[in-house]
Structure formats: C-alpha cells, structure tokens
Amino acid sequence: MTDSRDASISIVGSGLIGRSWATVFSSAGYTVRLYDVVQQQVDSAIQDIRHQLNELEKNGMLRGTSKPEEQMALISGCSDLAKAIEGSIHIQECVPENLELKRKIFQELDGLMNDDVILSSSTSCLLPSKLFSGLKHVKQCIVSHPVNPTYYVPLVELVPHPETQPSVVEKTYALMKRVGQVPVKLIREIDGFALNRIQYAIIGEAWRLVTEGIISPEDVDLVMTAGLGMRYAFMGPFETIHLNAEGTKNYCERYAVGMKRVLSSFGPPPEFRDDEIQNIHQALSRRIPADPEHLNARRHDRDVYLAALAKLKKKM
Ligand code: NAI
C-alpha cells in the first residue's frame, strides 16, 4: 500500500462529517472521491466544501499550503461505489448512525474492496464487533471516530475490531497524523469509546448536582467554562494532577482518600426523568431559545471560539 500524498481517499456519505473529512484530507494533498447514495447530496457537498474552504482562507485558518481552488481540484463526486473506491488507500464511511444501514454498506464494500485498502467507520458509538463481524476483510476494518467540528477539534478515536490487524491501526494512526488530526488508540473496544464515556461521566454528575438542587445549570456551565475547561484545552486530567502536587504519586498520597470518598457518593446513573429534562431545557432556553435561529447563532459562536483556540494552540 502506498502512502504517498497523491494517493486517494474515498468518502462514503457526503453529509456533515463526510464533508469535514473531505476538507481535512484534501488540505493534506490527498485526492478525495466523495460518494453518496443521493447524487444531489454530492453536488451540494461539493458546493458547501468550496464555501467552507473559502471561509477558512478568509479567516486565516486554511490548513496546508494549497489554495481553496487547488484543494477543490483534488475533490470529486462519484455516484458509483465501485468507481469511488477504486485504487483508494483508505475508505472513510460517513453514513447515518444506523447499524443496519452501515452493515449493509460494509457488506457491499466487502465485495468490492481489495486486500490492501483500509475500511474506516466514522461511527460515534457503534462497536466494531457489531459493525464489522463476518466481513471477509474484517482485518482491514477500524473505527476512526472524529469530533465535530473536525477541522478545529482534531481528536480521532481509533477503535479496532478484535480481528483488526495491528498494521491497520498503525497505518490509520499515521494517516491521521499526516493530515493534521490527533489520533488516539483504544487497545480494545468499549461502549462509548473514551471521549463519550468521559463526557457522559461529566453530564451525569452535572445532572445530579442540578436535579438535587445543589447548583443551577448556568453555574454548572460556568464550572466548566471558567474553571475546569480553561486548562482542559491544554492539559488532561493526568497532567493536571501531576502538576497540582509534586507529581502523580504525591497527588494520590494527598488526595486519593478524598477522591474515593467523593466518588463513592456519586450513586447510580441519573434516570433523566421527564420533569428534570423539562426544567433543565427551560433553564437553557432562557439563555439560548431552542429555535434554529438562536441555536445556529450560538453554533456559529462556538466555531469562531474554537477556531481562535485552534490558532492559539498552533502557535504554542
Ligand atoms: P449526515 O446525516 O449529515 O450525513 C449522512 C450522509 O450519508 C447523507 O449525505 C446521506 O445521503 C448519506 N447516505 C445515506 N445512506 C447512504 C448510503 N447507503 N450510501 C452512501 N451514502 C448514504 O450524518 P453525519 O452527521 O455526517 O454523520 C455521519 C457519521 O458520522 C455517523 O455515523 C455519525 O455518528 C458520525 N459522527 C457524527 C458527528 C456529528 O457531530 N454529526 C460527530 C462524529 C461522528
């Protein structure tokens, strides 16, 4: 398998995440073939990617050294799956999060792919053992779970099937690094992977603190944005504890007993009862009304802040 930059990558499914992958791969000089079951979806994806690349250039955030038009010259649409994957080194599947649908696509790809290409799924939470089991090319399959917006939040969780060849993990890891993403390897699959398990732990405890009347939803969000989140963009929980004492060992000598006491008071996961959902929804809607106009405006703010943060991190 060649790893040269003029190699081509196939993207199956040209929605939000398929488009993001197309910008990421083309910015690193890869030829990208974008396939979708709906031709109109491919056409609008190409238009949208052009718009996104122009915006990124305007904001000084374009990755790589090529201009938007040079990157666009690398991206083409395709409505024939066999042609879309012909000669590719990597297929990135981005169809909706539905096990039956993904399995159907993988069966189809299994019959078309060669013995070298890597078949990688963008799934947020479906386990590789559910997705890939029974495929002839199972050893070439892996999950590469991105984060939205992929261009500014570079993490990719790599999750192998129990039969995935170690070289497939290594090649996918190298590819992700080459295109400017930040891959992490899960040694084996687990429900929620790493990012969502940690995210759900935070949501679960935030939910409990609010529903038990300890703190308001607004103040929980401040605990994150003005407290924990300030450093989490630069260092994770392990580096944090290492620095918060004279190393990890010393931190545990000082704080392990307290951590265990607090952790053992957490209790079972929340039920997410209707009345609780209603109250938290109302509190949030006072700040951000839950209609497309306000939600989209806030999403736009989020992307602007993330772009600024990404710029800062690049300089560091
Ligand atoms: P989307 O709904 O925006 O796009 C899905 C695309 O797949 C559509 O263009 C649709 O026409 C196409 N499609 C449907 N059936 C197809 C088929 N049989 N063959 C080819 N294309 C087909 O979905 P989105 O948000 O892009 O999600 C894609 C995957 O990425 C999902 O597995 C999702 O869990 C994952 N993901 C999504 C994130 C997000 O924030 N939206 C973040 C990380 C991962």
Side-chain angles (χ1 to χ4, degrees), residues 9-25 32-52 75-86 88 90-113 119-132 135 141-159 161 172 176 179 181-184 186 189 191-200 203 292 295-296 298-300 302-303 306-307:
I9 307 272
S10 306
I11 294 177
V12 176
S14 64
L16 179 74
I17 293 300
R19 295 169 193 199
S20 303
W21 279 121
T23 44
V24 166
F25 288 124
V32 174
R33 260 174 279 152
L34 204 50
Y35 167 85
D36 202 290
V37 76
V38 187
Q39 177 60 42
Q40 202 195 347
Q41 186 71 351
V42 181
D43 298 340
S44 70
I46 302 266
Q47 262 181 22
D48 182 43
I49 293 167
R50 177 174 283 113
H51 173 73
Q52 282 186 39
I75 304 174
S76 60
C78 190
S79 54
D80 179 318
L81 189 57
K83 285 205 183 106
I85 68 161
E86 199 179 348
S88 275
H90 180 100
I91 304 167
Q92 188 68 38
E93 169 274 315
C94 312
V95 306
E97 190 75 346
N98 174 308
L99 181 62
E100 306 316 311
L101 175 65
K102 286 195 193 275
R103 279 197 60 91
K104 193 166 152 270
I105 282 279
F106 294 147
Q107 294 284 355
E108 217 176 317
L109 286 165
D110 202 27
L112 296 169
M113 62 197 269
L119 176 55
S120 162
S121 172
S122 302
T123 183
S124 310
C125 57
L126 299 170
L127 292 174
S129 58
K130 294 259 172 1
L131 288 170
F132 305 128
L135 295 181
C141 297
I142 189 166
V143 164
S144 305
H145 170 225
V147 185
N148 185 43
T150 307
Y151 209 79
Y152 304 125
V153 187
L155 182 79
V156 182
E157 292 183 287
L158 303 183
V159 192
H161 180 279
T172 311
M176 292 301 160
V179 299
Q181 299 305 98
V182 177
V184 294
L186 273 71
E189 65 176 29
D191 201 13
F193 309 150
L195 181 138
N196 276 327
R197 289 183 79 86
I198 294 170
Q199 173 165 242
Y200 295 162
I203 293 173
L295 290 173
N296 283 334
R298 194 63 185 142
R299 287 181 188 123
H300 180 259
R302 174 200 65 191
D303 290 355
L306 284 171

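Computed from a prediction, not measured in an experiment: that's the story for all the values here. Computed over heavy atoms, backbone and side chain alike; hydrogens, waters and symmetry mates excluded. Whatever order the structure lists ligands and atoms in, that order sets their numbers, starting from 1.
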Going by the closest heavy atom to atom 19 (N) of ligand 1, which one wins out of I105, D36, V42? I105
Is a side-chain donor or acceptor of E157 paired with a backbone partner of F193 at a separation under 3.5 angstrom? no
Of the protein's non-hydrogen atoms, which lies at the shortest distance from atom 40 (O) of ligand 1, and what is that distance? N148 CB, 3.2 Å
Has N296 got a side-chain atom pairing as donor or acceptor with P292's backbone, closer than 3.5 angstrom? yes
Which protein non-hydrogen atom lies closest to atom 3 (O) of ligand 1, naming both residue and atom, and how far is it? L16 N, 3.1 Å
Can you tell me if S122 uses its side chain to pair, donor with acceptor, with the backbone of E93 under 3.5 Å? yes
Option whose closest heavy atom lies nearest to atom 44 (C) of ligand 1, chosen from S122, P96, S20, S14: S122
One finds that the ligand 1 atoms under 4.0 Å from a non-hydrogen atom of H145 are 43 (C), 44 (C)
Between I17 and ligand 1, is there a nitrogen or oxygen pair with a distance under 3.5 Å? yes
When rounded to the nearest 0.5 angstrom, what distance separates CG in L109 from NZ in K104? 11.0 Å
Any donor and acceptor pair, going by atom type alone, linking the side chain of R33 with main-chain N or O of E86 inside 3.5 Å? yes
Under 4.0 Å from atom 23 (O) of ligand 1, can you find at least one protein heavy atom? no
Closest non-hydrogen protein atom to atom 29 (C) of ligand 1, residue and atom name please, with distance? V95 O, 3.4 Å
State the atoms of ligand 1, each with its element, that fall below the 4.0 Å cut-off from a heavy-atom position in G13. 7 (O), 21 (N)
Hey, are D43 and Q47 close enough side-chain-wise for a donor-acceptor pair under 3.5 Å? no
For atom 4 (O) of ligand 1, what's the nearest protein heavy-atom neighbour? Residue, atom name and distance, please. G15 CA, 3.2 Å
In ligand 1, the atoms that come under 4.0 Å of a heavy atom of Q41 are 8 (C), 9 (O), 11 (O)
Rounded to the nearest 0.5 angstrom, the CZ-CG distance for R299 and L295 is 5.0 Å
Starting from atom 43 (C) of ligand 1, find the nearest protein heavy-atom neighbour and note its residue, name and distance. P146 O, 3.2 Å
Distance-only, no hydrogens or angles: does the D36 side chain make a donor-acceptor pair with backbone N or O of S14 under 3.5 Å? yes
Nearest heavy-atom approach of V184 to L155 is CG1-CD1, 3.7 Å
Ligand 1 and S124, any nitrogen or oxygen pair closer than 3.5 angstrom? yes
Under 4.0 Å to a heavy atom of K102 - the qualifying atoms of ligand 1, by number: 31 (C), 32 (O)
Within the structure, does V12 bring an N/O atom to less than 3.5 angstrom of an N/O atom in ligand 1? no
For Y35 and ligand 1, does the shortest N/O to N/O distance drop below 3.5 Å? no
Indicate yes or no: does an N/O atom of E93 lie under 3.5 Å from an N/O atom of ligand 1? no
For atom 15 (N) of ligand 1, what's the nearest protein heavy atom and its distance? V37 CG1, 3.7 Å
Run the ring pair (Phe, Tyr, Trp, His ring centres under 6.0 Å) test against F25 and tell me which residues pass, sequence neighbours left out. W21, H90
Interfacing atoms of ligand 1 (cut-off 4.0 Å, heavy-atom, C94): 5 (C), 6 (C), 7 (O), 28 (C)
Checking side-chain polar atoms at under 3.5 Å, does D110 have a donor or acceptor matched by the opposite partner on Q107? no
Set out, in order, the CA-CA distance, both residues' side-chain angles and the distance that settles side-chain contact (heavy atoms from CB on, under 4.5 Å) for Q181 and T150, then state yes or no. CA-CA 8 Å; Q181 299 305 98; T150 307; 3.4 Å; yes
Proximity flag K104 to ligand 1, non-hydrogen atoms under 4.0 Å: no
Can you sort out which atoms of ligand 1 are near T123, meaning under 4.0 Å from one of its heavy atoms? 32 (O)
Taking the side chain from Q52 and the backbone from T23, do they hold a donor-acceptor pair closer than 3.5 Å? no
